[in-house]
Amino acid sequence: MEYNFNEIEARWQQFWETHNVYQVEIQQDKPKCYVLDMFPYPSGAGLHVGHPLGYIASDIYSRYKRLKGFNVLHPMGFDSFGLPAEQYALETGQHPATTTEKNIKTFKEQLRKIGFCYDWSREIRTSDPSYYQWTQWIFLKLYNSYFCNTQQKARPIQDLISKYELRGAMPAQGDPVEGVHFTAEEWNNFSPEQKEEKLMRRRLVYSAEGEVNWCEALGTVLANDEVVNGLSERGGHPVVKKKMRQWYLRITAYAERLLQCLDTVDFSESMKDMQRNWIGKSEGAEVEFSGATFEGKIKVYTTRPDTIFGVDFMVLAPEHALVTDITTADQRGAVNDYLSYVKTRSERERMAEVKQITGCFTGAYVLHPFNGKKLPVWISEYVLAGYGTGAIMAVPCGDQRDFSFARYFNIPITNILGSHFNGEEANPGDQIELVNSDFLNGYTKKEAVPLAIEALEKINQGKRKVNYKMRDAGFSRQRYWGEPFPVLWKNGTAYPMNESELPLLLPHVDHYSPGPEGQGPLANITEWVNIDAHTKRETSTMPGFAGSSWYFLRFMDPQNKETFCSTEASDYWNQVDVYIGGTEHAVGHLLYSRMWTKVLFDLGLIQHDEPYKKLVNQGMIGGVSEKIYRIGLNQVEEDNSYVGNSSNNMIIKWKSDINGLPIVLFPDENEEINYYLFNLSADLDISQYETSVIRTSLNMVSESILNIEKYFEGKNNKSRYEIMLCKDGYYDSRRERWFDYEKKPIEPLKFMTFQVQEKMSKRYGNVVNPDDVVIKYGADTFRMYEMFLGPIEQSKPWDTKGIEGVHRFLKKLWRLFMENGKSVWTTETPTRDELKTLHKTIHKIEQDTAQFSFNTAVSAFMVCVNELTELKCHKKEILDSLLILLAPYAPHIAEELWHQTGNTGTILDAAYPVFDAQYVQEDSKVYPVSVNGKLRTNIELSLTASPEEVQEVVLKDSVIQKWMEEKPLKKFIFIPGKMINVVV
RNA sequence: GCCCAGGUGGCGGAAUUGGUAGACGCAGCAGACUCAAAAUCUGCCGUUCGCAAGGAUGUGCUGGUUCGAUUCCAGUCCUGGGCACCA
């Protein structure tokens, strides 16, 4: 029997399916392991070879843990709500449910062929009502919860209501603020709407006004990545910020816990850094500046309260609430002008033009809290309303932006840094002893910050304050293909639906264009929206991250109709032990699902507050694109030798000489030509040309040589003329043949392309479909090759060249069992050498698999098979163990050979071989011996030899003596089991 | 600008805590088998000097620590990823 991988793989895939070998149930007596891949979105493009990288890794790990005796949960499902399906529906009129269904089918078929061990009986889809019922249910839980600041956890909103009824909401100290605080009596007299309004300020999902990207021409709201340079990606229409009522997820309440708990999870440091960065915790102070020209005060947030004596002015965000109140009569005109200027500026522009300094004086002054100095109050777009208090104290000598601002508007600068400030640029250093700073003189930042805060607290003008950069997450989308909100609106107040009324089904729509006033398509179904004269449904839907924030829990108990996930299941399966996916979800999905988990934990619905114990990030597999150089067509030579314009595809004139390189003499001057392209072979010195780079398709290039016929296939535009320039000649596309530079016909030359690594994408024509690889080499080869490519977390290009080697390895393995179609394996007793090879491999594979070092594991397999081949080992005892080690990596061939040697059942139920150190012990070692650190020779020595014996033998060695050149021995370094160094 | 990761043959990449740099594979070269091809097998394969034995040199660059540095330290350059008027 030959290694017929296609036949073998199909057979075992069938076997695993019919015997349900991957189906798992709770087994209390067995340790569990939960291995999860990041939820894929079933895009229409299907899988390319980059996608399965993580899936293969998780599959190997799952099978490994199973062989090690764990009850392994390894499910797969689909994040099937989302924008692309809706976009496709908009274009083709096909219902997203239909296309999604089709895409999932393709996806599953592709996954099946690679032989993954998913328990498909647990498959879930976020767009399935039996799933989103529970997404809506959790939404209601979030809605009906608030974050208790005292206990730092989520609690039922009812607790808050009880508290308000008893004690109201009064400040711990100081005077109550109008509109914020209220007494119990006031609360009890509030109307239901007023109460709702107060509660909405505490709910974990809440409704509020927010800004969206509004595109008037398309009549719709756009996602950030649909907006390019202030214009819509489709159609290039202007996009403006528009205020609209939105739902928000109060993730900021969890900022501190999300930050703290990072210490308890096993994520890569860079991943943690990204999350820390996003949360953006900073410690500083809130400082109050009393108005000198107006009643009231301005609050600022600063991380550098130590520089308080360097404050020369204040800057408010133009949107700051106080701006209109404090502006003086004579500055009102200027301020209004500036405000209308800011309104014309998109957020993008405000962020892009860093160098242009703008601002306006309000005419108002505040008083310095310590020295009473009058400080002017400015407004400027460089201060953002959404961060801190929307106001800053400007310290020009220490902050570059403040410095530039002061300079531009001629505001005098106070120097509190002495000689460390040169008057030319700000010095933000924090190791500088302060001067000119009253009671802070002589201190550096570290001591001055607490002193400054203490002093501010004493005069009641400031306090220590922790700030977070993170914002609440927008939770509504003006779209169709998502979860409907279980919320009713009555006279502008939101009322949640009852849990028993769930699921609120997504109604069918006939078309997917937006509703009126920027609402989602659901707004068009008036009979669904309008329940009665006063009651309307919410018309937006939930974002993609709603369904994916808790799916790992549903996998534990996917068919449960009573609850989102039974306690029995969530207690047993608990955290995801290993979560594998790309870094693109570093901040979004991971933070949201961490937050949801914490809320569910706080409400006592699950017993753990972090979803993922360990996170493994797979690198991207880049596609290799073959490109060619093209002479920039807009080039005009001094002698007008050619003039081109790529936009209207016209070349007006052409003369022979291009900068002296291989001279091209083209067509007769009187030949009528209206389109020229000059392509350059990569082996030309292209540095002297002004070139652009164009892409070719993979199917027209092999080994970086362009197939000219294929390249011109389908380009039947006769008026289009392409000249392919090589070193020794050129190809003329109209004459369809090669010429040398004397214009004499010649044999075909090689036109070289060059490779560029870029994202694998259908658009780039560099997509490699795993199906093709599987047909040609088999799933086992494909799996092992993807792992062999390099460390899992590293990005690397896909290059099919190396796959042969892995395939050869499997064939070589096969020959240990079968040769010329006959079994050659035996039941003889293994020799010591054979056992040594085996146990060395057991040790290495186990270690590498456990720490996700799959590339080195594949190498170790190769080494093992090479050695066994060398030893002519065909012994079942050795080979069976090897098969078990290999089963996670190449499950089909392992299963096949496992049965060939007479075993029954699936190899997945075998016991993992146990490493025995006695087989790999050596009694001597060939030591590298260096003289003065330079390796000179190797000497074999017994491992039991004493240092004295070793020294004696080594110093007698003729090579060593030669290199010692009779110099006296200074030091003798002997590291047992490692090396020897003779120092003279 | 800030934060993180990484620079090793023609290529993908290996190298425990500082201890033989280049495992394994690809590509290449030479050979065996074959009418031939495929498949398979054997040998060579960083650079350089040398017929060889053997030497010199070599992990982005410049220094340092050490008997010994791809590994540790300082500086520097480059590449990739993330964040960015964030006070």
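To find a chain, count down the sequence lines: A is the first, B the second, and so on, and within it residues start at 1. What you see below is based on every heavy atom in this structure, not just the backbone, and it leaves out hydrogens, waters and symmetry mates.
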Which base sits across from A32(B) as a Watson-Crick or G-U pair, both distances under 3.5 Å? U40(B)
Using the P atom as the point on both nucleotides, what is the distance between C3(B) and C86(B), in whole Å? 14 Å
Let's see if you can work this out: which of A39(B), A14(B), A87(B) has an atom nearest to the side-chain heavy atoms of K811(A)? A39(B)
Choosing from C83(B), A15(B), A56(B), which nucleotide comes nearest the side chain of T856(A)? A15(B)
Considering every strand and a 4.0 Å limit on heavy-atom distances, what is the contact class for I975(A): base, sugar-phosphate, or nothing? base
Would N467(A) and S282(A) count as having a side-chain donor-acceptor pair, cut-off 3.5 Å? no
Length of the line joining L384(A):CG and C86(B):C1', which is rounded to integer Å: 7 Å
Do any side-chain nitrogens or oxygens of Q794(A) fall under 4.0 Å of OP1 or OP2 in G6(B)? no
As a test of reading the structure: which of A56(B), C85(B), G82(B) is closest to the side chain of Y382(A), going by heavy atoms? C85(B)
Regarding S859(A), tell me which of base, sugar-phosphate or nothing describes its non-hydrogen contacts under 4.0 Å with the strands shown. base
Tell which nucleotide pairs with A15(B), taking only Watson-Crick or G-U wobble pairs whose two distances are both under 3.5 angstrom. none
Which whole number of Å gives the distance between the P atom of A14(B) and that of C24(B)? 14 Å
Can you say whether the rings of F809(A) and F861(A) are parallel (under 30°), tilted (30 to 60°) or perpendicular (over 60°)? tilted
In whole angstroms, the gap separating P of C41(B) from CG of L816(A) amounts to 11 Å
Can you tell me the distance, in whole Å, between the CG atom of D402(A) and the P atom of A87(B)? 12 Å
Tell me whether the side-chain N/O atoms of R808(A) come closer than 4.0 Å to OP1 or OP2 in C26(B). yes
In whole Å, what separates the C1' atom of A37(B) from that of A52(B)? 39 Å
OP1 or OP2 of C86(B) under 4.0 Å from side-chain N/O of W278(A): no
Once you apply a heavy-atom cut-off of 4.0 Å, does R471(A) come out as touching a base, just sugar-phosphate, or nothing? nothing
What pair of heavy atoms forms the shortest contact from I453(A) to K463(A), and how long is it? CG2-C, 4.2 Å
From the options U40(B), G25(B), C83(B), select the nucleotide whose nearest atom is closest to the side chain of N277(A). C83(B)
Could you tell me whether E793(A) contacts a base, only the sugar-phosphate backbone, or nothing, with contacts defined as non-hydrogen atoms closer than 4.0 Å? nothing
If the cut-off is 4.0 Å, is R401(A) near the phosphate of A84(B), judged by side-chain N/O to OP1 or OP2? no
Any strand: nucleotide that pairs with A56(B) via Watson-Crick or wobble, under 3.5 Å: U47(B)
Regarding U17(B), can its base be found pairing with the side chain of K978(A) as donor and acceptor, where the two atoms are less than 3.5 Å apart? yes
When both distances are under 3.5 Å in a Watson-Crick or G-U wobble arrangement, the nucleotide paired with C85(B) is none
Within the structure shown, what part of the strands sits under 4.0 Å from N467(A) by heavy-atom distance: base, sugar-phosphate, or nothing? nothing
Touch check for K970(A), heavy atoms < 4.0 angstrom, all strands: base, sugar-phosphate only, or nothing? nothing
Can you check the distance between U70(B) and U16(B), where both ends of the measurement are the C1' atom (answer in whole Å)? 14 Å
With both distances kept under 3.5 Å, what pairs with C61(B), Watson-Crick or G-U wobble? G75(B)
Is E256(A) paired with K281(A) through a side-chain N to carboxylate O contact shorter than 4.0 Å? yes
Would you say the side chains of E286(A) and T389(A) form a donor-acceptor pair under 3.5 Å? no
Glycosidic class, syn or anti, of G81(B) using a 90° window around 0: anti
When rounded to whole Å, the NZ to C1' distance for the pair K971(A) and G19(B) reads 14 Å
Is the H839(A) ring parallel, tilted or perpendicular to the F915(A) ring (thresholds 30°, 60°)? tilted
Integer-rounded Å distance: U79(B) C1' and M620(A) CE: 15 Å
Any N or O donor-acceptor pair linking the side chain of N981(A) to the base of C67(B) at under 3.5 Å? yes
Tell me which nucleotide among C24(B), A56(B), G13(B) gets nearest to the side chain of F788(A). C24(B)
Give me the distance, rounded to whole Å, that separates G54(B) from C4(B) when you measure between the C1' atoms they each carry. 47 Å
Expressed as a whole number of angstroms, how long is the span from I392(A):CD1 to C85(B):P? 14 Å
Note: for N938(A) and D399(A) on RNA chain B, the residue whose nearest nucleotide lies more 5' is N938(A)
Relative to the ring of H368(A), is the ring of F289(A) parallel (under 30°), tilted (30 to 60°) or perpendicular (over 60°)? perpendicular
Dump the intermediate steps for side chain to side chain contact (heavy atoms under 4.5 Å, CB included) on R594(A) and L262(A), then the final yes or no. CA-CA 10 Å; R594(A) 289 182 61 216; L262(A) 280 175; 3.4 Å; yes
Just say parallel, tilted or perpendicular for the rings of F788(A) and Y785(A), cut-offs at 30° and 60°. tilted
What interatomic distance, in whole Å, is found between P of C83(B) and the corresponding atom of A15(B)? 31 Å
G25(B) phosphate, OP1 or OP2, under 4.0 Å from N866(A) side-chain N/O: yes
On RNA chain B, nearest-nucleotide positions of I803(A) versus N932(A): which is more 5'? I803(A)
What integer number of Å spans the C1' atoms of U42(B) and C33(B)? 11 Å
Give none if G22(B) has no partner; otherwise give the nucleotide forming a Watson-Crick or G-U wobble pair with it, both distances under 3.5 Å. none
Out of C41(B), C24(B), C3(B), whichever nucleotide has its closest atom nearest the side chain of M862(A): C24(B)
Could you tell me the separation between the CE atom of M393(A) and the P atom of C86(B), rounded to a whole number of Å? 15 Å
Counting side-chain heavy atoms from CB outward, which of A14(B), U20(B), C85(B) is closest to P928(A)? U20(B)
Picking from C41(B), G55(B), A14(B), the nucleotide nearest the side-chain atoms of R815(A) would be C41(B)
Between CZ of R276(A) and C1' of A84(B) the distance, given in whole Å, is 19 Å
Given A87(B), C26(B), C41(B), identify the nucleotide with an atom nearest to the side chain of T303(A). A87(B)
Classify the ring geometry between W378(A) and F361(A) as parallel (under 30°), tilted (30 to 60°) or perpendicular (over 60°). tilted
U57(B) phosphate, OP1 or OP2, under 4.0 Å from K934(A) side-chain N/O: yes
In whole Å, what separates the C1' atom of A32(B) from that of G7(B)? 42 Å
